[in-house]
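Reading through the structure tokens given below for one structure.
All of these numbers come straight from a predicted model, not from anything done at the bench. Both counts, for ligands and for their atoms, begin at 1 and track the order of listing.
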Amino acid sequence: MTSTGTDQLANGGRQLDLLSVVAPVYNEEGTIEEFYSRVRAALEGLNFELVLVDDGSTDSSATILERLAESDPRVRLVYLSRNFGHQTALTAGLDHARGDAVVMLDADLQDPPELIPRMLDHWREGCDVVYAVRERREGESRFKLSTAKWFYKLFDKLAQVELEHNSGDYRLLDRRPLDALLAMRERNRFLRGMTVWVGYTQAAVSYQRDPRYAGETKYTISKMLKFSLDAISSFSHRPLQLATLLGFLISTLAFIAIPVVVILRLSGSYLPGFGSITIAILLLGGIQLIAIGIIGEYVGRIYDEVKGRPLYLVRGTRNVRQAEGSISAERGDAGTEPPLVERKT
Ligand code: UDP
Ligand code: MG
């Protein structure tokens, strides 16, 4: 491994044998075909595979995907057994990608595939991670933009990796950082943070983020909240330390209050302090509960990891193991292409 790495550095230019483009698909019946043709047009002349992960779609996405895979063997499909969420679906796709370089992007055409050749140029010059930075974000609600801004500010303050504020998951990875990323099997995944964490040489290309081609965002407010919580808790212990800090602060206040009360009592100016006592009790109780809650978040995550469940389950694949020919997954004939239940830990 090391020797190829140094060779690559010495030689400069890299040769691309196969490019993998990975996208998660969740109820995107209105976009898939357009997405496919734009990727195909953008990668004209390149040897590529398009790995599409069906994240348990309930609309006609699966049928459309099936049709695409039928007509183009470069389209490889992975069907998850249910909806596992964006980041996990993306991981499933990355697991199945076989390229020397892998691009991950959303299937809703908010990330224009036309950017890929520019990313590849950087990769050829020796960059290992090329991430796309959005210059403008079109067609997104003010709510989404402002929550995103606050989230990145908070993440900056708390987390131990430096994240480019306007970069999403749209990025290209060389095989080495990709393997490193895939070796990280943690359950609460914040991929864009993890790709920065792995290091190697990183570069940015800028682009304008388009509005969604069709359909609606699949990120509900609760999914967004969970996502930001995952992001912060997987890259920072600060919230836990915050609890300790608050505890110390409040206890100090209490200690200061003791002589004050004694002096007031001695000087005779005694006020029946039911109100203030109640407030103090409530305040302390609240802070304790918050602290316990923060600890609970982490304990919950430890529990998740300790259980060691697979990250996702694959219901079937298509065009993934080409040598054996392509057989439909749904029929579930064991021993043929579709590994019916592929456990990924
Ligand atoms: N997605 C997914 N599983 C989910 C939610 C979303 O695979 O549970 C996919 C979705 O099909 C799209 C990408 O993740 O390709 C990004 O989702 P979306 O565009 O809804 O998010 P937004 O751009 O609004 O943040
Ligand atoms: Mg989107």
Side-chain angles (χ1 to χ4, degrees), residues 21-36 38-39 50-65 68 75-97 102-113 115-116 131-134 136-152 155 163 165-171 187-193 207-231 311-315 344:
V21 178
V22 177
V25 173
Y26 178 53
N27 292 349
E28 303 282 4
E29 56 185 3
T31 24
I32 300 170
E33 273 163 331
E34 178 69 13
F35 174 73
Y36 163 73
R38 274 185 54 189
V39 168
L50 179 58
V51 183
L52 295 173
V53 182
D54 175 31
D55 189 15
S57 299
T58 49
D59 63 356
S60 62
S61 296
T63 330
I64 302 171
L65 288 176
L68 284 181
V75 176
R76 313 220 152 110
L77 304 179
V78 177
Y79 295 96
L80 300 191
S81 60
R82 63 168 171 86
N83 179 255
F84 279 91
H86 179 202
Q87 302 285 301
T88 308
L90 206 49
T91 307
L94 296 175
D95 276 334
H96 286 83
V102 174
V103 174
M104 47 173 140
L105 77 176
D106 288 352
D108 61 358
L109 287 171
Q110 280 194 288
D111 306 326
L115 198 67
I116 298 175
Y131 53 91
V133 178
R134 353 183 220 226
R136 274 214 329 259
R137 294 171 75 159
E138 300 276 351
E140 284 186 292
S141 65
R142 197 171 288 174
F143 177 73
K144 175 116 190 184
L145 294 182
S146 64
T147 46
K149 202 172 112 202
W150 281 104
F151 163 71
Y152 281 114
F155 189 85
L163 206 61
H165 280 206
N166 282 314
S167 66
D169 283 319
Y170 191 9
R171 50 195 65 208
R187 249 129 284 268
N188 301 294
R189 304 178 77 75
F190 182 57
L191 284 173
R192 64 193 76 163
Y207 75 110
Q208 311 221 325
R209 188 151 167 98
D210 296 328
R212 228 171 196 288
Y213 179 74
E216 295 188 336
T217 174
K218 306 296 181 303
Y219 264 95
T220 53
I221 293 186
S222 64
K223 268 191 187 177
M224 253 159 68
L225 263 178
K226 184 181 174 302
F227 184 56
S228 31
L229 214 58
D230 280 348
L311 276 185
Y312 57 83
L313 296 173
V314 173
R315 178 162 64 87
K344 278 289 171 186

Could you tell me whether a side-chain N or O of T31 sits under 3.5 Å from a main-chain N or O of A214, the two making a donor and an acceptor? no

Which residues pass the ring pair (Phe, Tyr, Trp, His ring centres under 6.0 Å) test with Y36, not counting sequence neighbours? none

D106 and R209 have their tightest heavy-atom pair at OD2-NH2, 3.8 Å

Listing by chain and number, what protein N/O/S atoms are under 2.8 Å from the Mg ion (ligand 2)? D108 OD2, Q110 OE1

Tell me if the OH atom of Y213 is crowded by more than 12 foreign heavy atoms within 6.0 Å. no

Verify, without hydrogens or angle tests, whether S141 (side chain) and K144 (backbone) share a donor-acceptor contact under 3.5 angstrom. yes

Can you tell me if NZ on K149 sees more than 12 non-hydrogen neighbours from other groups inside 6.0 Å? no

Which atom pair, heavy atoms only, marks the closest approach of P113 to Y170? CA-OH, 3.7 Å

Residue contacts for ligand 1, heavy atom to ligand atom, distance under 4.0 Å: P24, V25, Y26, E28, D55, N83, G85, H86, D106, A107, D108, Q110, K144, R209, R212, T217, K218, Y219, K223

E33 vs R38, test: salt bridge (charged side-chain N to carboxylate O under 4.0 Å, His left out). Steps then yes/no. CA-CA 9 Å; E33 273 163 331; R38 274 185 54 189; over 6 Å; no

F227: partners by ring pair (Phe, Tyr, Trp, His ring centres under 6.0 Å), with sequence neighbours left out: F190, Y219

